[in-house]
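Inspection log for the structure reproduced underneath, given as structure tokens.
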Amino acid sequence: MCCLSSGQKVNYMHNKYYLTSLQELESEAIYVIREVAAQFDRPAILFSGGKDSIVVTHLAKKAFWPAKIPMPLIHIDTGHNFIETIEFRDKLVEDLGVQLIVGSVQEAIDKGRAVEEMGINASRNELQIVTLLDAIERHKIDAAIGGARRDEEKARAKERFFSHRDEFGQWDPKNQRPELWNIFNGRKRMGEHFRVFPISNWTEMDVWNYIAQEKIAIPSLYFAHHRDAVFRDGSWLPNSEFLTLREGEKLELKYMRFRTLGDITITGGIESEADTIEKIVMEVSATRSTERGHRSDDKRSDTSMEDRKRQGYF
């Protein structure tokens, strides 16, 4: 010990470690993903090719680095996907060296497990439910990790990190388990499984800032580009072989992008000049509309998302 002369004082400076908000969210998500790996035998990541599932996959990569992601990706292929989404999915799977499980809605229709909707507003979105549940049962998945966030939609705001599903794959929002102090209860009976949402507390802005920070590759659909589209129900619905024009409607060439990705039949775009991540971040920070406000599947009723989730939807 050093000796101090009379009147001298010691000023002890303690180093403090601060996390940014994004670092806190990342740490929380990685913790949840590792809890899944620790508590479940056959987990999987639900991968749609959208920005949220891409971020979850990136977080899983960081959670287990330098090892490979120790669980497969599950993609439910409706047959009505954007071509760009499928190309991006296949490249990502190849780069990561992970297993890809594909559930086919068309196969479910051919086997009589699902019935094709008819009419001008027909969609295969709801048909994903039985296809997903079949894939979960076939591969004995006991925890399916998804990219849903609480700020997206009121039904998703009711979800916990560990969301219990019964033996029929159904969700009961009134029968969710407490998660005090980030303690997660993954106990289940035979035939039951969990949906797990590591980025529940993230906002759309957080996702885009994280993509910018981590330099994460995303499908070109998120960037502004020229595309033929028709204006319907408040957004620009892209032209495709599945689009039936109503009387009086006409296609227009628009410079547009998509804030959220789903089937090409239900995903509406917005007019935009945001062709870089930085421009997207600026655009999102100024917008006053929700990203799922351009999804026609959510406009069928006020409770459409919750109704689908109760049946086993993502």
Side-chain angles (χ1 to χ4, degrees), residues 45-58 73 75-96 100 102 105 123-125 128 146-149 152-153 199 202-212 214-243 251-285 287 289-299 314:
I45 296 173
L46 299 175
F47 187 83
S48 67
K51 65 183 186 309
D52 300 315
S53 64
I54 292 171
V55 165
V56 169
T57 304
H58 179 81
L73 305 186
H75 179 238
I76 303 304
D77 183 2
T78 64
H80 290 175
N81 299 283
F82 286 92
I83 294 175
E84 296 92 332
T85 303
I86 299 300
E87 291 175 347
F88 183 91
R89 178 202 71 184
D90 293 343
K91 185 178 186 306
L92 181 65
V93 167
E94 181 181 357
D95 291 343
L96 293 176
L100 174 65
V102 178
V105 169
S123 166
R124 288 188 170 184
N125 192 51
Q128 295 179 88
R149 310 186 323 268
E152 287 183 278
E153 203 273 339
I199 61 171
W202 296 43
T203 65
E204 182 187 9
M205 194 67 180
D206 292 327
V207 170
W208 283 115
N209 281 327
Y210 189 71
I211 289 171
E214 299 287 301
K215 296 180 172 56
I216 301 172
I218 56 174
S220 59
L221 297 164
Y222 282 113
F223 300 104
H225 59 285
H226 285 103
R227 185 179 288 268
D228 287 327
V230 62
F231 193 72
R232 182 183 295 176
D233 297 329
S235 58
W236 289 96
L237 197 63
N239 186 30
S240 72
E241 61 182 299
F242 313 110
L243 177 66
L251 293 173
E252 298 181 49
L253 182 63
K254 287 294 177 180
Y255 198 54
M256 56 185 287
R257 74 176 194 87
F258 300 95
R259 288 177 67 186
T260 178
L261 296 184
D263 272 6
I264 197 170
T265 59
I266 60 173
T267 303
I270 59 171
E271 292 187 73
S272 171
E273 295 186 357
D275 54 4
T276 66
I277 294 292
E278 291 73 24
K279 290 180 181 179
I280 290 175
V281 169
M282 292 179 62
E283 183 180 87
V284 171
S285 67
T287 191
S289 62
T290 64
E291 58 186 308
R292 291 193 68 93
H294 300 281
R295 291 282 291 269
S296 63
D297 51 325
D298 287 353
K299 297 178 181 179
F314 301 94

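Nothing fancy with the numbering, it's 1 onward along the sequence.
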For this session: Applying side chain to side chain contact (heavy atoms under 4.5 Å, CB included), run through Asn209 and Val281 and close with a yes or a no.
Result: CA-CA 7 Å; Asn209 281 327; Val281 169; 3.5 Å; yes
For this session: Step by step, work out the side chain to side chain contact (heavy atoms under 4.5 Å, CB included) result for Asp90 and His75.
Result: CA-CA 11 Å; Asp90 293 343; His75 179 238; over 6 Å; no
Exercise. Stepwise, does the side chain to side chain contact (heavy atoms under 4.5 Å, CB included) test hold for Ile277 with Ile218?
Worked result: CA-CA 10 Å; Ile277 294 292; Ile218 56 174; 3.7 Å; yes
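Exactly one residue among Glu271, Arg227, His225 makes a side-chain contact (heavy atoms from CB on, under 4.5 Å) with Lys254. That residue is Glu271. Screening Phe88, Trp208, Phe258 for a ring-ring contact (aromatic ring centres under 6.0 Å, His included) involving Tyr222 leaves a single residue, Trp208.
Between atom CG of residue Asp77 and atom OG1 of residue Thr85 there is a gap of 10.5 Å, rounded to the nearest 0.5 Å. With values rounded to the nearest 0.5 angstrom, Glu283 atom CD is found 7.5 Å from Arg259 atom CZ. The structure places CG of Asn125 at 12.0 Å from CD1 of Ile76, a figure rounded to the nearest 0.5 Å. Of the inter-residue distances, the one linking Arg89 atom CZ with Ile54 atom CD1 reads 12.5 Å to the nearest 0.5 angstrom. Thr287 contributes atom OG1, which lies 11.0 Å from atom CE of Met205 (distance to the nearest 0.5 angstrom). To the nearest 0.5 Å, atom CG of residue Asp228 and atom CE of residue Met256 are 10.0 Å apart.
In this structure, Glu87 contributes its side chain and Glu84 its backbone to no donor-acceptor pair below 3.5 Å. The backbone N or O of Leu261 sits nowhere less than 3.5 Å from a side-chain atom of Thr267 that would complete a donor-acceptor pair. Under the 3.5 Å distance criterion, the side-chain polar atoms of Asn81 are left unmatched by any main-chain donor or acceptor of Ile83. Judged purely by atom type and a 3.5 angstrom limit, Asp206 uses its side chain to pair as donor or acceptor with the backbone of Thr203.
Contact detail for Lys279 and Asp275: the closest heavy-atom pair is NZ-OD1, 3.1 Å. Minimum heavy-atom separation, Leu237 to Ile264: CD1-O, 4.3 Å. Closest approach of Ser235 to Gly269, counting heavy atoms only: CB-O, 3.6 Å. Looking at every heavy atom in both residues, Pro219 comes nearest to Gly49 through CG-O, 3.4 Å.
Contact check for Leu251 versus Leu243: side-chain heavy atoms found under the 4.5 Å cut-off. Under the 4.5 Å side-chain criterion, counting only non-hydrogen atoms from C-beta, Glu204 is in contact with Arg149. Contact check for Phe47 versus Val93: no side-chain heavy atoms found under the 4.5 Å cut-off. Taking 4.5 Å as the limit, some side-chain heavy atom of Arg257 sits within range of a side-chain heavy atom of Ile280.
For Glu273, the CD atom is loosely surrounded, since the number of other residues' heavy atoms within 6.0 Å does not exceed 12.
A perpendicular orientation is assigned to the rings of Tyr210 and His58, their planes being inclined by more than 60° (bins at 30° and 60°).
Applying the ring pair (Phe, Tyr, Trp, His ring centres under 6.0 Å) rule to Phe223 yields no partners; only residues at least two apart in sequence or on another chain are considered.
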